Q: 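The structure's right below; bear with me while I get my questions together.
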Protein chains: 2
Amino acid sequence: MRPTLQTVADAVGVSRSTVSNAYGRPDQLSPELRARILATAKELGYAGPDATARSLRRGRAGAVGVLFTTTLSYAFVDPFAVLFLRGLAEAVERNGTGLLLVPLSTEDEAASVAAVQNAVVDGFCVYCVPEWHGSLEALRSRGLPVVTTEYRDDVPAGELQVGVDERAATRAAARHLLGLGHRRIALLTNDMAPKGETGPLDLAGPGDFRYFVERERVSGVAEVFAEVGVGWDDLIVVNAAANSRASGAQAAAHALDRADRPTAIVACTDLLALGAMDALAARGLTPGRDVSVTGFDDIPEAAPAGLTTVRQPAVSKGTLAGELLLDPPEDPAERRLLLPTELIVRASTGPATMRR
Amino acid sequence: MRPTLQTVADAVGVSRSTVSNAYGRPDQLSPELRARILATAKELGYAGPDATARSLRRGRAGAVGVLFTTTLSYAFVDPFAVLFLRGLAEAVERNGTGLLLVPLSTEDEAASVAAVQNAVVDGFCVYCVPEWHGSLEALRSRGLPVVTTEYRDDVPAGELQVGVDERAATRAAARHLLGLGHRRIALLTNDMAPKGETGPLDLAGPGDFRYFVERERVSGVAEVFAEVGVGWDDLIVVNAAANSRASGAQAAAHALDRADRPTAIVACTDLLALGAMDALAARGLTPGRDVSVTGFDDIPEAAPAGLTTVRQPAVSKGTLAGELLLDPPEDPAERRLLLPTELIVRASTGPATMRR
DNA sequence: TTGAAAGCGGTACCAT
DNA sequence: ATGGTACCGCTTTCAA
């Protein structure tokens, strides 16, 4: 059997408290006794106080949990997520706190709920988890501090937030395209509906999107185009099964291969936009000349590709989320952080041209 | 005060065991009672069984800890690490297990040790942590399963391993350069010595490197060149302060600005190699023509840059590490996995040319 | 089907 | 400086 504190205490002939102090409060006992205790512990193969028991007693886990949209590994697939996590990691490690990536399952919601309930953490960071997902409720009912990466009103009061004005951001992108003369555009989304399939979407309006971010981004575009008489039904909306380059290319194909090919493609993420550019290339089309493309996030890959996109601070979004979580401000106003966005114009957008 | 199992039990008028069963073993009590318990719990704001207490009692944490070379955030900075973690994440999440990134501190070793001791996990994955680091000893003494990403003999018996033959890999790269006529080469390392400064290194031999991986990779190159009479002292060794592109460029500068400029640069990682290519570009030199460059890892950025490098399986290295950890094989032979490497020749290497 | 009791492995207050 | 004693919150035989 694995030795415990008691084992060591008995062997040395002291009390548990003293052994405990030998580890956690060296100043509470004579150096000599401490040395003897530590030596005996080593001899017995005692590894030091058990982490779980210590956490239970101290009431502190020393880690914050991170929840991702879909799966745990998505954290290492999406370039924006990686940047965000870098920031989050920097903030928490400064504090000696760890990061627990919680395994959510796409197939088994019960498993996800269990994972959230069993997570030994002091707080949670929620990265784009759909509001209807059961794990979110499980998470909130734990009563721990929670920070989300969306800036929105319809959440439990007091929840920490760090986000951007998604809608205003895409409005800027839409105005840019409008100014370039574009009137026939396609929207590339990644709504991750239960059975996400790549293909055209026929929705009554932006409000039908299931994801907050998707809803907001699409709304921004729709608003701007509506102002000039281009209604919702005039927009070509194509959903991508996943937020990946390949999926973006597939989705873009649906728009590009239409008889009334759009002159511009507005993608909800850079990954989708880069995929759209791949699709253009495959058809011998040049971004910014034949068809304009915009993205969202400004991931590192965007600049070399010449992608016009909305930049949002990735790393600092993570850092701020971490700081908020580790030391939640009292003032409600400080519990919600709105970060700036900026439209970065590159070569992938240009004047609308008539089709040759 | 937060409600506990007891609170709920008292409120309903049953015992703790029954409430516990209501959550963990629904079949052990009448559906009706269970419903009443759950309703009361909700009313009381009871969030369900405490994660830490449950872990303690069950003796299972539901997570594996991950240790990184330097800091936690490095996990999201190094492209190879990101790929590795993706694989690891995929493996563990399949099992419903989480990933706890343990915060190591560069400055405060005691803090790192504490972080390892307090990590609530069922096992550890060690990613390139130097063997002399105190946290490693703390980790091993916990007696949990451990998997390391290096294939080597001088570790505690039974430790799980998944790695590559680093030395053989760089031997292949060196032979490639040799075949192209290169005799005067520079080595770019990232030994992360305590006070890592970028600059020339004057070591007695490859054995002086503090890191296993560095030692092995450099040894491979040295061995091959020694065979043709190019000794250790003929090699230009420059250390980079960090494993980053910028640092690699800085280090490469030391080699490139010498009077006897090397005709080839062998970098210990792709990041350093890409930095070296940056340094070449800054000097108007063309990789593969003026100076050849090789890297290690074959990260995604390597191909577009035309970098000749050693490929090692990044994602599957992570997957295998995870599988090993979650279900350690009995057979000692299966506890150590040697993965293949492959030299990928691209445009960054070419025939050695006399300096113009 | 439900409950009593015994831990899981420690920590920290309060005496001595 | 050291020890006694609760107690952290839950799970799990085992008995009723």
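Quick note: numbers below take in every heavy atom, side chains included, and nothing from hydrogens, waters or symmetry partners. In what follows, chains are A, B, ... by sequence order, proteins preceding strands, each numbered from 1. Keep in mind that this is a model prediction, so the values were computed, not measured.
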Q: Would you call A:Glu131-A:Arg152 a salt bridge at under 4.0 Å N-O?
A: yes
Q: Can any side-chain N or O of B:Arg34 pair as donor or acceptor with the backbone N or O of B:Leu29 at less than 3.5 Å?
A: no
Q: What residues, two or more places apart in sequence or in another chain, satisfy ring pair (Phe, Tyr, Trp, His ring centres under 6.0 Å) together with A:Phe212?
A: none
Q: Go through the steps for B:Glu150 and B:Arg336 under the test salt bridge (charged side-chain N to carboxylate O under 4.0 Å, His left out), then give the verdict.
A: CA-CA 9 Å; B:Glu150 292 162 357; B:Arg336 298 180 63 192; over 6 Å; no
Q: Have A:Thr18 and A:Ser15 got a donor and an acceptor in their side chains that come within less than 3.5 Å?
A: yes
Q: Which pairs count as ring-ring contact (aromatic ring centres under 6.0 Å, His included) when at least one residue sits in residues 22-61 of chain A, sequence neighbours excluded?
A: A:Tyr23-A:Tyr46
Q: Below 3.5 Å is the cut-off: list the nitrogen or oxygen pairs between protein and nucleotides 14-16 of chain D, distance only.
A:
none

Q: For residues B:Ala22 and B:Leu38, report the shortest heavy-atom separation together with the two atoms involved.
A: CB-CD1, 4.1 Å
Q: Would you say the side-chain atoms of B:Ser73 and A:Glu93 include a donor-acceptor pair closer than 3.5 Å?
A: yes
Q: Give me the ring orientation class for A:Tyr211 and A:Trp132: parallel if the planes are under 30° apart, tilted from 30 to 60°, perpendicular past 60°.
A: perpendicular
Q: Please give, in whole Å, the distance from C:dG3 P to B:Asp10 CG?
A: 11 Å
Q: Let's see if you get this right: which residues in residues 27-36 of chain B place a heavy atom under 4.0 Å from DNA chain C?
A: B:Gln28, B:Leu29, B:Ser30, B:Leu33
Q: Enter the inter-axis angle for the ends of the helix from C:dT1-D:dA16 to C:dT16-D:dA1 (five pairs per end, rounded to 10°).
A: 30°
Q: Test side-chain contact (heavy atoms from CB on, under 4.5 Å) on A:Tyr151 and A:Val162 and set out the steps.
A: CA-CA 6 Å; A:Tyr151 191 87; A:Val162 45; over 6 Å; no
Q: How close do A:Val147 and A:Ala321 get, counting heavy atoms only, and between which atoms?
A: CG1-O, 3.8 Å
Q: May I ask you to check whether A:Phe84 and B:Phe76 place their ring centres under 6.0 Å from each other?
A: no
Q: Protein within reach of the bases, or only the backbone? For nucleotides 10-16 of chain C, mark each nucleotide 5' to 3' as B, S or -, using heavy atoms under 4.0 Å.
A: BBB----
Q: Applying salt bridge (charged side-chain N to carboxylate O under 4.0 Å, His left out) to B:Arg142 and A:Asp50, what does each step give before you reach the verdict?
A: CA-CA 9 Å; B:Arg142 284 194 57 177; A:Asp50 177 84; 5.5 Å; no
Q: Does C:dT2 have its OP1 or OP2 closer than 4.0 Å to a side-chain nitrogen or oxygen of B:Ser15?
A: no
